[in-house]
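Counting starts at 1 for both ligands and their atoms, following the listed order. All figures in this text were calculated on a predicted structure; none of them were measured in a lab. Only this structure's heavy atoms are used, side chains among them; waters, hydrogens and symmetry mates stay out.
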Amino acid sequence: MSKRGMLIVLSGPSGVGKGTVRQAMLQDKAQNFKYSVSMTTRQMRPGEVDGVDYYFRTKAEFESEIANDGMLEYAKYVDNYYGTPLRYVNETLASGTDVFLEIEVNGAMQVREKCPDGVFIFLTPPDLVSLRDRIVKRGTDDEATIEKRLEKARGEIKMMQNYDYAVVNDKVGLAVHRIEKIIESEHLRVPRVIDTYKKMIGVVR
Ligand SMILES: Nc1ncnc2c1ncn2[C@@H]1O[C@H](COP(=O)(O)OP(=O)(O)OP(=O)(O)O)[C@@H](O)[C@H]1O
Ligand SMILES: Nc1nc2c(ncn2[C@@H]2O[C@H](COP(=O)(O)O)[C@@H](O)[C@H]2O)c(=O)[nH]1
């Protein structure tokens with residue numbers, strides 16, 4: 001039986017750079033995880049592609065997925081639904097491949113309940129001024145939305161205590177390196193490798 005994949009959850013306030021870091025990690029051919037594309041009811045931003053950046057759905061479609069138990073987790077964030085389709089995560093983990101979720105804190109806590117052996121990483125900004133700068137420079141949100149996102153950021157940063165690791169995104173390359181080290185170490189944790197060694201002991205005897 002092949003070993004089950006590891007679930008990696010990355011959270012952090014809006015604009016901290018989760019998407020940027022994840023994309024940089026996906027460029028690294030040595031990384032062997034699949035990104036789980038989320039579902040959302042928010043408007044598509046210029047350049048975003050349905051099925052790549054998100055599955056863009058209506059509120060009714062999203063609520064029907066919830067009713068059909070199709071979501072691993074979901075949350076409302078700044079007036080829209082966001083959630084993780086369950087089937088892709090289950091199938092990918094079962095095939096032995098790691099799955100990477102990039103989700104906000106309330107959804108992450110739902111995942112924590114359901115998958116306590118996941119690895120929960122919180123990406124932090126160096127400070128709140130840099131966070132604001134990043135959201136403003138990204139240019140995807142109007143002033144009112146930026147304020148709502150920043151207001152949420154303080155509460156989200158408090159939730160860091162519920163995560164296993166905190167990684168500062170000062171420089172993208174450094175943040176990527178830190179997360180890659182975490183993933184590498186997590187793969188070596190005894191509960192994850194014990195089955196392999198049990199087999200070895202069986203052969204020795
Ligand atoms: N280390 C960094 N230094 C400076 N700018 C950065 C850094 N990391 C990301 N950025 C910039 O910050 C902006 C926000 O990044 P990104 O969209 O990846 O954030 P996010 O956390 O995924 O946001 P959201 O949760 O809203 O989707 C982008 O313009 C990105 O280029
Ligand atoms: N609980 C979930 N949160 C998610 C998911 N996908 C993305 N997100 C988070 O939503 C906010 C806003 O994202 P944006 O693309 O509108 O800037 C951000 O914190 C994302 O990480 C999900 O499936 N579940």
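- Note: Phe62 and Tyr74 have perpendicular aromatic rings, judged against thresholds of 30 and 60 degrees for the angle between ring planes.
- Electrostatic pairing of Arg132 and Glu147 counts as a salt bridge here, judged by a charged N lying under 4.0 Å from a carboxylate O.
- Few gaps surround NZ on Lys152; more than 12 heavy atoms of other groups in view lie less than 6.0 Å from it.
- Listed as neighbours of ligand 1 are Pro13, Ser14, Gly15, Val16, Gly17, Lys18, Gly19, Thr20, Glu102, Arg134, Arg138, Arg149, Asn169, Asp170, Lys171, Val172, each bearing a heavy atom under 4.0 Å from the ligand.
- Listed by first then second residue, pairs satisfying salt bridge (charged side-chain N to carboxylate O under 4.0 Å, His left out) with a partner in residues 11-33 read Arg22-Glu102, not counting sequence neighbours.
- Ion pairing between a basic and an acidic side chain is recognised when a charged N comes within 4.0 Å of a carboxylate O; Arg112 and Asp164 show such pairing.
- Using modelled atom types, one finds no donor on one side chain facing an acceptor on the other under 3.5 Å when comparing Ser130 with Asp133.
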Carefully, step by step, assess Met160 and Ile157 under the rule side chain to side chain contact (heavy atoms under 4.5 Å, CB included). CA-CA 5 Å; Met160 189 202 293; Ile157 294 171; 4.0 Å; yes
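- Protein neighbours of ligand 2 below 4.0 Å, counting non-hydrogen atoms: Lys18, Ser38, Arg42, Arg45, Tyr54, Glu73, Ala75, Tyr77, Tyr82, Gly83, Thr84, Glu102, Ile103, Glu104, Gly107, Arg149.
- Using a cutoff of 4.0 Å between basic side-chain nitrogens and carboxylate oxygens, Glu186 and Arg189 are scored as salt-bridged.
- Under the salt bridge (Lys or Arg N to Asp or Glu O under 4.0 Å) criterion, Asp142 pairs with no residue, sequence neighbours left out.
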